[in-house]
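Okay, structure first, notes after.
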Number of protein chains: 2
Amino acid sequence: MKTSSVELIILDLLSQEQAHLTAQEIYQQLRSRLPAVNPSTVYRALERMAHAGKISVSDMGRGAMVYEAVGGERHHHLVCQECGAVMTIEDQPVNELFRYLEKQYHFEMITNHLILFGRCQNCQSPVQVLKAETSKE
Amino acid sequence: MKTSSVELIILDLLSQEQAHLTAQEIYQQLRSRLPAVNPSTVYRALERMAHAGKISVSDMGRGAMVYEAVGGERHHHLVCQECGAVMTIEDQPVNELFRYLEKQYHFEMITNHLILFGRCQNCQSPVQVLKAETSKE
DNA sequence: ATTATAAACGCAAATATTTGAAAATGCAAG
DNA sequence: CTTGCATTTTCAAATATTTGCGTTTATAAT
Ligand SMILES: [Zn+2]
Ligand SMILES: [Zn+2]
Ligand SMILES: [Zn+2]
Ligand SMILES: [Zn+2]
């Protein structure tokens, strides 16, 4: 395998904490370090890296896919469709479902960064929140 | 609300069984019925309908989002990243995770068509399959 | 039927993304 | 070091998608 300079910089960009960047954001930031880089180089590098499992690709409701470096704690997100708030959730409950599906369907899971959409507590209507509160007790 | 003719035709297209169509596919098929329709009309209609919950939007690894009519049996899919095979799975186990996360995070889930990527049995290496087989017993 | 209003549409321009083909580059064998 | 090969990069062109804005159209009130 060849060590592409663009790949290295992309990985560095994505290593900034909590980075979930779109292709455009990556391209723009890359230009400050490699002013003459061509957009297609970036798109192709991202495609290659995603296929190699170095980065994950997710739709987080930002209008374009976001890329994240693979390697830290495995995690997933809940994204509010009203206000855009992003919550991070731990892997365990998701992992249990995945293991179940793997056995059930003889399927080897690759997805490792799950995004689920909904409404955060702030954006739920007061009656909904009330209902949830009372049913808890 | 205005009843848009384009929306009606899109819903009709998406009502064909198992339809998971990209914006382009929808645009092309729409042209055979409304030859002069403008692409931006289609993109905007899809955006509107998704926001209204009439259709779901999912990345199924086809290079563009696919749209599906909401309304039939709630289901989800496993998509093989090697060969593109699409398996349909029932809602129950997924639903259990969703209900758990809703309580745990005070989050109201909207996602109703989950896509998970991996490798189908055919595309797993022989040793992997063998391992899975034996660990089962 | 007329009118007012908001929603949907078309059009053209701006962006973003993909694709094919040639040139450049890194790596390793000779 | 030189050669050969595979990978990466660039460039230009093709596609796809988004956006601003003026026009049309459906709906409901007058
Ligand atoms: Zn993340
Ligand atoms: Zn919110
Ligand atoms: Zn489906
Ligand atoms: Zn497969």
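Chain identifiers are assigned alphabetically (A, B, ...) following the order of the sequence lines, protein sequences preceding nucleic acid strands; residue numbering begins at 1 within each chain. Since the structure is predicted, the reported quantities are computational estimates derived from the model, not experimental observations.
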Does A:E102 form a salt bridge (Lys or Arg N to Asp or Glu O under 4.0 Å) with A:R99? I'd like the steps, not just the answer.
CA-CA 5 Å; A:E102 287 190 325; A:R99 295 297 85 82; 2.9 Å; yes
Reading nucleotides 14-24 of chain D from 5' to 3' and marking B where a protein heavy atom lies under 4.0 Å of the base, S where only the sugar-phosphate is that close, and - otherwise, the string is --SSBBBB---
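Taking atom CG of A:L34 as the reference point, atom P of D:dT8 lies 16 Å away to the nearest angstrom. Between the CG atom of B:L30 and the P atom of C:dA8 there is a distance of 15 Å, rounded to whole Å. Rounded to whole angstrom, the span from the CG atom of B:L8 across to the P atom of D:dA26 amounts to 12 Å.
Residues forming a ring-ring contact (aromatic ring centres under 6.0 Å, His included) with B:H75 (at least two apart in sequence, or on another chain): B:H77, B:H113.
The backbone N or O of A:V66 lies less than 3.5 Å from no partner atom in the side chain of A:E25, so there is not a single donor-acceptor pair. For the pair B:E7 (side chain) and B:M49 (backbone), a donor-acceptor distance under 3.5 Å is absent. Remark: side-chain polar atoms of A:E82 are not paired, donor with acceptor, to backbone N or O of A:C120 under 3.5 angstrom.
The phosphate of D:dT10 (OP1 or OP2) has a side-chain N or O of A:T41 nearer than 4.0 angstrom.
Between A:I55 and A:A69, the shortest heavy-atom contact is CG2-CA, 4.3 Å.
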